[in-house]
Amino acid sequence: MILTDAAVGLAMTPASRIDSAGIATATREAMLAALNTLGSRVDGILVDGSPLPIADSIHQLALTRGDQVSISVSAASIIAKVARDEVMRRLDAQHPGYGLAANKGYGTAKHLEALREIGPSATHRRTFRNVEHTVTAS
């Protein structure tokens, strides 16, 4: 229902970009890329958190805890999580042993144990605290 009744743009940022630019910058870049996929169909946007650095031609409203106060932001959050979960299932097949299909990349006990035993994969963010400690400890 959400995907048929709303304009939806998706974009993802590779771990290497998050490592080099930082999570906040990489998140803004992904949000702008997702916005750009929508083209001219957008009259305004709701942003969960800080406003995006965009031209004044698009009205935006930045909402603190947007997913708690806006059904539209909540819907976007659901879409993002479903897309992320699908990516994690694919990464699990490419990088077995971390349990990515089950833990979705979160630092569960099994995931952290795999990081210690196997080491980080090419898709792990090197600046993520648990990966950073694993790499320096090796």
Side-chain angles (χ1 to χ4, degrees):
M1 185 78 126
I2 296 170
L3 295 176
T4 58
D5 293 342
V8 176
L10 284 170
M12 296 195 180
T13 303
S16 60
R17 180 62 183 153
I18 297 169
D19 285 339
S20 66
I23 191 91
T25 297
T27 299
R28 280 192 300 278
E29 290 172 356
M31 291 169 72
L32 289 169
L35 180 60
N36 287 334
T37 68
L38 299 175
S40 61
R41 299 183 291 165
V42 177
D43 296 322
I45 60 172
L46 298 174
V47 181
D48 190 6
S50 302
L52 294 174
I54 58 175
D56 293 335
S57 61
I58 300 174
H59 175 72
Q60 64 178 308
L61 177 61
L63 302 170
T64 303
R65 296 190 177 112
D67 61 339
Q68 295 175 17
V69 298
S70 166
I71 195 162
S72 296
V73 176
S74 293
S77 180
I78 291 167
I79 291 167
K81 284 176 176 52
V82 169
R84 189 260 340 264
D85 291 354
E86 177 57 32
V87 168
M88 287 304 192
R89 282 189 288 278
R90 281 189 255 135
L91 288 173
D92 186 60
Q94 294 171 12
H95 306 284
Y98 300 98
L100 298 175
N103 63 42
K104 309 301 187 263
Y106 288 103
T108 64
K110 181 181 177 185
H111 191 170
L112 297 177
E113 181 181 335
L115 281 170
R116 285 188 297 275
E117 291 179 7
I118 306 170
S121 73
T123 61
H124 280 90
R125 291 183 312 174
R126 297 303 191 256
T127 54
F128 181 64
R129 177 182 62 243
N130 293 310
V131 173
E132 195 172 48
H133 290 150
T134 303
V135 171
T136 51
S138 301

Nearest heavy-atom neighbours spanning Gly105 and Met88: CA-CE, 3.7 Å
Shortest non-hydrogen contact between Gly9 and Thr37, atoms and distance: CA-OG1, 3.3 Å
Table please: side-chain donor-acceptor pairs of residues 91-98 below 3.5 Å, with sequence neighbours left out.
residue: Asp92; atom: OD1; partner: Leu100; partner atom: N; Å: 3.1
residue: Tyr98; atom: OH; partner: Gly119; partner atom: O; Å: 2.4
residue: Tyr98; atom: OH; partner: Ser121; partner atom: N; Å: 3.3

Members sharing Val69's hydrophobic cluster (side chains within less than 4.5 Å): Leu46, Leu61, Leu63, Val73
Hydrophobic cluster (4.5 angstrom, side-chain heavy atoms) - remaining members for Val82: Ile78
Inter-residue atom distance Arg28.CZ - Ile23.CD1, 0.5 Å rounding: 11.0 Å
Residues which pass salt bridge (Lys or Arg N to Asp or Glu O under 4.0 Å) with Glu29, listed by chain and number, not counting sequence neighbours: Arg17
Nearest heavy atoms of Arg84 and Tyr106, plus distance in Å: NH1-OH, 3.3 Å
For Ser74, side-chain contact (heavy atoms from CB on, under 4.5 Å) partners two or more places apart: Asp67
Minimum heavy-atom distance between Gly49 and Ala62, given as atom pair plus value: O-CB, 3.0 Å
Interatomic spacing from NE2 in His124 to CG in Leu115 - rounded to 0.5 Å: 4.5 Å
Set of residues satisfying side chain to side chain donor-acceptor pair (under 3.5 Å) with respect to Asp48, sequence neighbours excluded: none
Any Met31 side-chain heavy atom under 4.5 Å of Leu35 side chain: no
Carboxylate-amine/guanidinium proximity below 4.0 Å for Lys110 and Glu113: no
Minimal non-hydrogen separation, Ile58 against Gly44, with atom names: CG2-CA, 4.0 Å
Pairwise distance OG1(Thr27) to CG(Leu32) - rounded to 0.5 angstrom: 11.0 Å
